[in-house]
Amino acid sequence: MAQSVKGMRDLYGSELRAFRLVEDTARAAFARHGYEEIRTPILEYTEVFKRTVGESSDIVNKEMYVFKDRGDREVVMRPENTAAVVRALIEHKLLGSSDPRLLFYIGPMFRYERMQAGRYRQFWQIGAESFGVSTPESEAESLLLLFEILKGLGLTQLKLSLNSVGTPESRPAFYAAFRAFFDAREPEYCEDCHRRIGENPLRVLDCKNDRCQKALEGHPLITDFLDEASKHHHARLKELLAALGIPFEENPRLVRGLDYYTRTAFEVLSSDLGAQSALLGGGRYDGLVKQLGGPDTPAFGWAIGLDRLASVVQQVKGEVGATPPALLVPLGEAAALEAAKLAQAWWDRGLPVQLDTRGLALKKVFASADRLGIKTVLLLGDGELAEGVVTAKHLATGEQTKVPFAEVPTRLSPAKA
RNA sequence: GCGGCUGUAGCUCAGUUGGUUAGAGUACCGGAUUGUGAUUCCGGGUGUCGGGGGUUCGAGUCCCCUCAGCCGCCCCA
């Protein structure tokens with residue numbers, strides 16, 4: 001049988017409705033907050049991600065869909081979108097003014113990884129980025145927006161895991177201290193940790209090996225090595241979040257997989273997702289714009305895993321049901337034409353009415369309507385035609401009434417359809 | 001990229017130490033006097049047993065390869 005490409009899936013039915021629910025909720029929140037949408041291409045030149053996400057990161061190292069196009073250019077299917085958005089802003093010279101530059105995006109990302117529940121090779125992200133503001137207040141605003149979306153979806157149990165990873169200037173001191181700590185008990189750490197200490201030292205901290213965890217007791221904290229400005233920044237953000245009622249817990253061991261983060265880093269995990277528990281993540285990336293050749297611009301942003309959030313929404317709220325419109329069923333040729341005319345007029349007025357053009361026996365029409373979850377069937381036969389009415393049957397109650405054509409629009413308000 | 005498990009009807013699954021036309025529930029299709037569903041009754045199996053190769057008189061069942069999915073690791077959304 002024909003199959004979709006490994007790791008890529010078709011979205012339809014209740015899962016797609018869950019996606020749309022999340023998207024609609026997010027778009028409404030973005031609009032309230034003054035965030036504008038941006039859409040960038042799926043394909044980017046490899047350099048965009050190599051220079052930003054980090055040469056040593058797994059994403060660049062082993063997960064990118066890289067290939068040569070017919071013009072022999074090396075391109076990559078975007079593994080994330082922040083770097084691409086920054087590239088676009090630089091290219092169109094949209095940075096450098098003091099005007100707010102608040103952007104959001106919704107789209108698919110691609111990473112070549114081993115399949116697992118909640119981990120797909122094409123997955124979707126909803127992201128928000130705010131450029132040009134370095135204050136903790138801007139971060140609080142962005143996180144308020146984020147929690148507004150989660151709350152709008154009925155997810156109130158989620159908690160932010162928060163850390164500050166300092167700046168490129170302050171981090172070396174921490175790394176040195178941590179390395180010294182590691183070296184002192186070096187033989188006690190597992191093989192993976194010996195690899196991690198070179199690539200991303202913080203990763204050692206969340207090793208699942210019991211011996212490693214024991215050897216880590218009393219390790220230096222990155223938050224103790226912050227410069228004064230970063231320390232104040234971090235303290236102020238925590239103060240704001242507490243005052244604004246955003247639930248968070250400090251996690252000095254929090255690490256992110258992308259190299260470009262500075263100061264604030266955070267993520268939200270969900271216990272409803274199995275091993276792939278990361279629901280969303282983000283943080284500050286003050287150096288990224290300059291790194292890609294733009295004006296020195298502070299920035300903060302986050303990305304939600306749409307596939308995973310939709311999954312959590314379905315687990316918490318149950319399947320997202322469809323809401324089909326009423327079904328207008330003509331009986332016979334004369335009625336078929338009249339029904340089309342009526343439907344045409346009603347559609348012009350914005351009414352949700354599905355026109356049945358199958359010409360099936362009524363019992364099949366009703367059986368089908370029942371399966372589709374249709375609430376109201378409007379019958380138009382010769383008798384109705386002569387009277388200028390439709391017979392409206394509510395499937396749930398079996399109740400049947402005659403409704404003059406002119407009254408259908410008021411009777412068919414979306415709530416009653 | 002590493003390790004383990006699974007794959008039979010649209011769905012959930014049964015199928016004996018290898019044995020004859022591959023089953024159940026549900027869903028679906030047709031019918032029970034032509035304009036009334038979700039109940040009932042009657043009828044229908046709709047299948048490349050994931051795919052390919054091998055062993056065997058004989059393979060859904062055993063072996064190898066492969067594809068897909070699931071679980072864990074790595075990592076991340």
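No hydrogens, no waters, no symmetry mates; every other heavy atom, side chains included, goes into these values. Chain letters run A, B, ... following the sequence lines, proteins first and then strands; every chain starts at 1.
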Please work out if [X] contacts a base, only the sugar-phosphate, or nothing of the nucleic acid, heavy-atom cut-off 4.0 Å.
X      : answer
A:L331 : base
A:G373 : nothing
A:L379 : base
A:D382 : base

* Check: A:R114 side chain, B:C73 base, donor-acceptor under 3.5 Å ->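 Between B:C73 and A:R114, which were checked side chain against base, a qualifying N/O pair under 3.5 Å is absent.
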
* Asked: Passes side-chain contact (heavy atoms from CB on, under 4.5 Å), A:R236 versus A:E137? Steps please.
  -> CA-CA 8 Å; A:R236 173 64 171 164; A:E137 282 77 5; 2.7 Å; yes

Integer angstrom distance from the [atom1] of [N] to that of [M]:
N     : M     : atom1 : answer
B:G50 : B:A22 : P     : 15 Å
B:G25 : B:U61 : P     : 25 Å
B:C28 : B:G10 : C1'   : 8 Å
B:U40 : B:U46 : P     : 24 Å
B:G60 : B:C13 : C1'   : 14 Å
B:U6  : B:A14 : P     : 12 Å
B:U26 : B:C62 : P     : 30 Å
B:C5  : B:G43 : C1'   : 42 Å

[X], nearest nucleotide to its side chain (from [options]):
X      : options             : answer
A:T391 : B:C74, B:C2, B:U36  : B:U36
A:E384 : B:G31, B:G35, B:C71 : B:G35
A:R119 : B:G31, B:C74, B:C70 : B:C74
A:Q116 : B:G37, B:C71, B:G69 : B:C71
A:R195 : B:G35, B:C74, B:G37 : B:C74
A:R196 : B:A77, B:C75, B:G35 : B:C75

* Asked: Taking for each residue the nucleotide of RNA chain B with the nearest heavy atom, is it A:I304 or A:V5 whose nucleotide lies nearer the 5' end?
  -> A:V5

* Structure fact -> Taking for A:S277 and for A:A361 the nucleotide of RNA chain B with the nearest heavy atom, the one nearer the 5' end belongs to A:A361

* Atom CE of A:M115 and atom P of B:U6: how far apart are they, to the nearest Å? -> 19 Å

